[in-house]
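Working notes, structure below.
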Amino acid sequence: MRVLGLMSGTSLDAVDAAVVEVEARGTTLDVSLTGWTEEPWPADLREAIVGWSEAAAVAPAELSSASMAIGELFADVAARAAASAGIPLQSIDLVASHGQTVHHHVDADGRAVGTLQIGQPAVIAERTGRTVVADFRPRDIAAGGQGAPLVSFVDALLFGEEARTVAALNLGGMANVTVVPAGAPFEAIAFDTGPGNSLIDGVARRLLGQPLDRDGAGAAAGRPSRSLVDQLMDDPYFHRAPPKSTGRERFGEAAVTRLVAAGRALGLDEFVVLATATELTARSVAGALARWSPAWPAVIHLSGGGTRNPALMSALERAMARETPSGAVLPRLQPVDDGGLPAAAKEALCFAVLGHEALHGRPNSLPGCTGARHPSVLGAIWPGDNYLELVGRVPPARDSSPRIARIVLSRSSADERRRVPA
Ligand SMILES: Nc1ncnc2c1ncn2[C@@H]1O[C@H](COP(=O)(O)OP(=O)(O)OP(=O)(O)O)[C@@H](O)[C@H]1O
Ligand SMILES: [Mg+2]
């Protein structure tokens, strides 16, 4: 089945699309990547919704019309992604769209009590004629989970190994990890460790007037303030046991304001504040692994835009070295690209897989990762012109294979991949 995955994260930097071939073979899911794109957000749309996760109020009129407009954007990106992969849009069987998170509501006790992703799937179905799966998170929350991190399902089944505990770390707006114990992918745990790029981006915007600390140049020009990092590590979120999830509601602009003010009070220059935000991010990731990883991972599969920030990468290496238990080996920090999965395509590919599983009525969540009471089929379906033909290809219940136990990314197609220009 040919699935087009669409993802836009909390950084609001780009809409990512991946065209993915997905085929079940018994309990193994064969996945190969045909093409992918990253398209920057149109400035006006981004401007309209940036800050909503922290806004005291957003009018229903604005929310509903933004959702329609973002649906148009997603439909356009899907069409362009298919075109640049050299594939007719009509040959796409399914579009799986994560949507744009505008609020992820976690209460004072750490329970997820609401989550809202917008970008009307109905518009995507209408414009493309393709069947759409979207709105993955609410069902997990309904089952008592965090509704996040959902890529953990793919992480566990794709990266899990028989003999070694491994981890996956995505440095997006937030940072999330999945730890997969040796030989036990269904026992994986996952959680958001805290900020990924959100504080670094925010400080860069405030103090350097730039949307990001490009190549970590700003942080590299300063040395982190140890005392300020220590103080910031007191945030109760870092001390809460998983499962847990977070967002810009906690580590967004208000947190940046506090960080910048604390830096100013200490008389720190902008590069020191940037280095401090970078160090905090790295320490919160390494500290969370040290505290909650059921076994020390041998390798950490890295993805997300944060991997393009060398200052963050070296801070992470140092922090992991400090946290590695005596007698254990420093985990190898391995970009997912090394395994044939382009980092920029990873999350869109993950949602393509989750959408494929939803269409087949198979659970696509892991309770150990999201904290839900049970695995669920996450995602709702918006029928396209191809809906009946598509469901006709789903094996009837008596023949359907049991739950997928393993995902295999075919290297050959990834090797033949073409980087599709936006
Ligand atoms: N060259 C670079 N130097 C420094 N940082 C970079 C660079 N390129 C990308 N980044 C960082 O990566 C971020 C985007 O990462 P990504 O797309 O993984 O996040 P996201 O869209 O929020 O996804 P998620 O859903 O995982 O939160 C940018 O906001 C920026 O902070
Ligand atoms: Mg992004």
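Numbering of ligands and ligand atoms starts at 1, following listing order.
Below 3.5 Å of separation, one finds an N or O of Glu347 facing an N or O of ligand 1. Close N/O approach between Thr10 and ligand 1 is found [any backbone or side-chain N/O within under 3.5 Å]. An N or O contact shorter than 3.5 Å is missing between Leu212 and ligand 1 by distance. Geometrically, ligand 1 and Leu12 share no nitrogen or oxygen pair separated by less than 3.5 Å. Between Asn170 and ligand 1, a contact under 3.5 Å exists for at least one N or O pair.
Ser53 and His104 share no side-chain donor-acceptor pair at under 3.5 Å. For the residue pair Ser11 / Asn197, no side-chain donor-acceptor distance below 3.5 Å is found, with atom types taken as modelled.
At least one heavy atom of Asp13 sits under 4.0 Å from some atom of ligand 1. In this structure, Glu38 has no heavy atom closer than 4.0 Å to ligand 1.
The protein atom (non-hydrogen) at minimum distance from atom 23 (O) of ligand 1 is Gly9 CA, 3.6 Å.
Salt-bridge check for Arg283 with Asp230: passed, with a basic side-chain N closer than 4.0 Å to an acidic carboxylate O.
Each of the atoms 4 (C), 5 (N) of ligand 1 lies under 4.0 Å from some heavy atom of Asn309.
Ring geometry for Phe191 versus Trp292: interplanar angle over 60°, hence perpendicular rather than tilted (30 to 60°).
To the nearest 0.5 angstrom, Asp13 atom CG is 8.5 Å from Leu212 atom CG.
Taking all heavy atoms of Val151, Leu312, Asp213, Asp201 into account, the minimum distance to atom 28 (C) of ligand 1 is reached by Asp201.
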